[in-house]
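Taking it in order: structure first as structure tokens, then the write-up.
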Amino acid sequence: MVKQDFSISDFAHLISPAAAEDLESLCQRSRALTLQRFGRVIRLFAPLYLSNECINNCKYCGFSRDNPILRVTLSVDEVLREARALTEQGFRNLLLVSGEHPKFASSGYMADCVRRLHEEVPSLSLEVGPMETEEYRGLVQAGADGLVVYQETYDREIYAEMHTAGPKRNFGWRLETPERAYAAGFRRIGIGALYGLGDWRVEAISVAAHADFLLRNCWKAQLTISLPRLRPCAGEFQPITHMSDRDLVQLVCAFRLMFPDVGLVLSTREPAKLRDGLNPLGITLISAGSHTEPGGYTGAGKQNLHHTERGRIVELGASEWAAAGPEVHATGQFDIADSRTSREIADLIRRLGYEPVWKDWDAALTA
Ligand code: SF4
């Protein structure tokens with residue numbers, strides 16, 4: 001990775017209200033730098049939810065343990081079925097996502113999923129509860145190459161307020177997760193803040209400082225920064241702070257200028273029109289056609305839907321099944337805003353003059 005020429009205080013200026021007055025020139029610089037470093041390509045990935053069980057309470061998340069949602073953990077065969085539905089669409093880069101629940105979604109279960117999927121999917125990243133280095137090592141050996149962990153908010157007070165129960169309350173343990181992942185051998189590391197909790201500029205400066213630290217200390221890994229904004233979810237949490245579309249554009253450009261070689265990730269949390277505009281400006285990796293519930297692509301696991309109370313499965317009663325109807329599925333983590341299919345997104349990328357890349361990595365390359 002090439003070290004950038006900007007300092008953290010330069011970055012603070014790039015995201016300031018003063019710099020927003022000349023957003024057009026910021027966009028032009030960012031677009032040119034992205035073209036120079038990444039060429040005319042946009043990588044595609046899809047999230048694959050393994051489980052929506054969770055032992056944490058995060059006020060902003062639909063999977064919080066106290067939410068009376070429909071839950072399920074897919075079997076390894078069901079995960080494979082979901083993965084095949086995605087590879088049939090063209091995806092070769094999957095992000096396996098799970099709530100944090102050692103009983104239902106242990107590191108051993110995840111390693112089994114990764115091992116099985118790795119036979120058919122070249123690039124597998126994980127977005128799961130933080131683990132010890134040794135547990136990560138097992139996942140790397142099974143075939144995972146990327147680890148994504150958002151700090152959510154870098155403000156300790158807001159962090160304590162948002163995370164009311166469960167191991168996620170430990171701010172420092174989460175903050176050090178990327179370093180443990182790196183020590184275990186992950187070659188892609190993703191970080192980010194969840195915008196809508198703290199002041200977006202303060203959060204962004206913290207993300208930049210964290211990224212700067214990781215570029216110096218975990219320099220063999222490829223770093224990505226995600227820019228998720230809060231979306232509606234079960235529990236009806238409302239964002240505490242506002243980040244406008246224009247703010248998001250400014251932040252994408254600022255991250256690009258600060259970190260010319262870092263991948264910038266945009267998910268289907270954002271509406272179609274905004275995503276289309278942001279792609280050429282600095283985004284290098286996008287999700288498409290996403291579902292945020294386990295079994296979302298094939299209906300896998302729906303016969304095992306249940307509630308979970310105090311870590312115990314509570315079967316649905318006959319009246320609940322009847323009320324749920326034939327289209328019942330597990331509850332998603334959040335509502336997506338861009339519901340276009342992966343094909344529609346790929347076609348759009350081509351129309352913009354870019355190439356959609358479904359795969360850019362194969363473990364065989366390191367053999
Ligand atoms: S954000 Fe993660 S840890 Fe928190 S409730 Fe949701 S799935 Fe669980």
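These numbers were taken from a predicted model, which means no experiment stands behind them. Read the numbers this way: they start at 1 and go in the same order the structure lists the ligands and their atoms.
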(request) Tell me the protein N, O or S atoms under 2.8 Å from atom 8 (Fe) of ligand 1, in chain and number order. (result) Cys54 SG
(message) Assess, by modelled atom type and distance only, whether the side chains of Gln333 and Tyr49 contain a donor and an acceptor separated by less than 3.5 Å.
(response) yes
(message) Ignoring hydrogens, what is the shortest heavy-atom contact between His210 and Tyr154? Give both atom names and the distance.
(response) ND1-OH, 2.8 Å
(message) Show every ring-ring contact (aromatic ring centres under 6.0 Å, His included) that has at least one partner inside residues 300-342, sequence neighbours left out.
(response) none
(request) Check whether NZ of the Lys or CZ of the Arg Arg229 lies under 6.0 Å from the centre of the six-membered ring of Trp200 and within 45 degrees of that ring's axis. (result) no
(request) Please check if the distance between the ring centroids of His163 and Tyr60 is under 6.0 Å. (result) yes
(request) Taking atom CD of Gln303 as the centre, report whether more than 12 heavy atoms of other residues, nucleotides or ligands fall under 6.0 Å from it. (result) yes
